[in-house]
Amino acid sequence: MKRRAFILLIGGAAVTLPFCVRAQQPAGRVYRVGHFTISSREQQLHLIKAFEEGLRSLGYRNGENVVIEYRFADGEMERLPALAADLVRLGVDIIVAGSNATVAAMKATTTIPIVMTNSLDPIGTGLVASLARPGGNVTGFTADAGDEILGKRLELLKDALPNLSRVGVLWNPDYAPNRSRLTSMREAAQALGLTLVPAEARGLDALEQAFATMVSGRAQAFVVLGEPVLFNYRGQIGVVALRNRLPAISTAREYAEAGLLLTYGPNLQDQFRRSAVLVDKIFKGAKPADLPVEQPTKYELVFNLKTAKALGVEVPTSLLQRADEVIE
């Protein structure tokens, strides 16, 4: 090759290469995420942080290449439809929602992708066709792996309180999956020789009456059927439980931190963190219909020994040795 031609070729490459590279790089896009929950901001703050940590680990920065629109119903289910409609009007690219909020979001849109962070019964509530092939615009995480976990919580409560015979059940009848869960619990309780004392609580103003029902029914301890409304009021539940000297078990470690004796369930912070992975996949072109719903693979056993001491409960050492965490 002649020297002049060689110089022209190199010079041309030097001029054209940057334009070529620039053409291959997509223009920077700012994604808009709707984060939607029945809880208050205060009660959800640690889970919000976990979700944002998950996004940051994947290269997303709130306010830079992603904007998160938060909506909180503050424990009021009747506000969910309006909040869902507001996010749809904003034209968000994706909605991340808790259990009740996912139902409201799906009623508001069948086109915007929805990632549920912790749904108890996504098939029974019509959110997905199956866990393996959701089939619509919803995917995400379940909160429990099945009804057998309800029986496991009763077993753990009986292991902690060997003389247990009557167990209260604090539950919200407005949460659709709870009725079938209560039926499953009755079957598990019968097998363990336990009698259940159900007490309904639709919100904060019903707590005192619910505890009065359990106390008059001679409950020696109780189970909180975990769902978003009662989760929002877990602090108040812990206070009233101590006042009535009732040991309790529920789903997530947050209940133990709020003063319940023990909890057994998935790590919610981990699920919120991992939900960012699904958000990223959808941003990159995956469809919720093709992304399997994930079930918990690990359950945490957490004890609150401060509560045990306050109630005069001697938790067996063998049970404490099985715990993932002990709050002292």
> Are any side-chain N or O atoms of Ser184 and backbone N or O atoms of Ser180, one a donor and one an acceptor, separated by less than 3.5 Å?
Replying inline: yes

> Do the side chains of Asn232 and Phe72 get nearer than 4.5 Å, heavy atoms only?
Replying inline: no

>> Using side-chain heavy atoms (C-beta onward) and a distance below 4.5 Å, is Ile327 in contact with Phe303?
In response: no

>> List the residues meeting side-chain hydrogen bond (donor to acceptor under 3.5 Å, both in side chains) with Arg61, not counting sequence neighbours, and say none if there are none.
In response: none

> Which side-chain hydrogen bond (donor to acceptor under 3.5 Å, both in side chains) pairs, counting each pair once, include a residue from residues 149-164, with sequence neighbours left out?
Replying inline: Asp144-Arg153

>> Using a 6.0 Å cut-off, check whether atom CD of Glu78 has over 12 heavy atoms from anything other than its own residue.
In response: yes

> How about Arg181 and Leu150: do any of their side-chain heavy atoms sit closer than 4.5 Å?
Replying inline: yes

> How about Phe222 and Val169: do any of their side-chain heavy atoms sit closer than 4.5 Å?
Replying inline: no

> Same hydrophobic cluster for Val115 and Leu55, using side-chain heavy-atom links shorter than 4.5 Å among ILVMFWY?
Replying inline: yes

Only pairs under 3.5 Å count here: list side-chain donor-acceptor contacts from residues 236-245, not counting sequence neighbours, and write none if there are none.
residue : atom : partner : partner atom : Å
Arg243  : NH1  : Glu208  : OE1          : 3.4
Arg243  : NH1  : Glu208  : OE2          : 2.9
Asn244  : ND2  : Val240  : O            : 2.9
Arg245  : NH1  : Ala310  : O            : 3.2
Arg245  : NH2  : Ala310  : O            : 3.3
Arg245  : NH2  : Leu311  : O            : 3.1

>> Quick one: does any side-chain atom of Asn178 pair with a main-chain N or O of Pro173 as donor and acceptor, under 3.5 Å?
In response: no

> Under the side-chain contact (heavy atoms from CB on, under 4.5 Å) criterion, do Leu87 and Ile112 qualify, and how do the steps go?
Replying inline: CA-CA 10 Å; Leu87 290 175; Ile112 297 174; over 6 Å; no

> Does the side chain of Tyr70 reach to within under 4.5 Å of the side chain of Phe36, using non-hydrogen atoms?
Replying inline: no

N/O donor-acceptor pairs under 3.5 Å from side chains in residues 259-269, not counting sequence neighbours:
residue : atom : partner : partner atom : Å
Asn267  : OD1  : Gln269  : N            : 3.0
Asn267  : OD1  : Asp270  : N            : 2.9
Asn267  : ND2  : Glu300  : OE2          : 3.2

> Looking at Arg89 and Asp86, does any basic side-chain N land under 4.0 Å from a carboxylate oxygen?
Replying inline: yes

> Hey, is CD on Glu42 packed in by over 12 heavy atoms from elsewhere, all under 6.0 Å?
Replying inline: no

> Is there side-chain contact between Thr102 and Ile114, with at least one heavy-atom pair below 4.5 Å?
Replying inline: yes

>> Could you tell me if the side chain of Val30 sits less than 4.5 Å from the side chain of Val66, heavy atoms only?
In response: no

>> Ignoring hydrogens, what is the shortest heavy-atom contact between Met106 and Gly126? Give both atom names and the distance.
In response: CE-O, 3.5 Å

> So, does Asn62 use its side chain to make a donor-acceptor pair with the main chain of Ile68 at under 3.5 Å?
Replying inline: yes

>> Centre-to-centre under 6.0 Å for Phe272 and Phe141, is that the case here?
In response: no

> Just one of Leu278, Val128, Ile95, Val103 clears the side chain to side chain contact (heavy atoms under 4.5 Å, CB included) bar with Met116, so which one?
Replying inline: Val128

> Is a donor on one side and an acceptor on the other found under 3.5 Å between the side chain of Asp280 and the backbone of Leu58?
Replying inline: no

> Is there side-chain contact between Leu305 and Leu320, with heavy atoms separated by less than 4.5 Å?
Replying inline: yes

>> Could you list the cluster mates of Tyr175? Members are the ILVMFWY residues connected by side-chain heavy atoms closer than 4.5 Å, either directly or through other members.
In response: Leu120

> Quick one: ring-ring contact (aromatic ring centres under 6.0 Å, His included) pairs with a partner in residues 50-69, sequence neighbours left out?
Replying inline: His35-Phe51, Tyr60-Phe283

>> Just checking Gln190: does its CD atom have more than 12 heavy atoms from other residues, nucleotides or ligands closer to it than 6.0 angstrom?
In response: no

> Checking side chain to side chain donor-acceptor pair (under 3.5 Å) against Glu254, which of His46, Arg234, Gln43 comes through?
Replying inline: His46

> Does the pair Thr142 and Ser119 meet the rule for a side-chain contact (heavy atoms from CB on, under 4.5 Å), with working shown?
Replying inline: CA-CA 5 Å; Thr142 63; Ser119 176; 5.6 Å; no

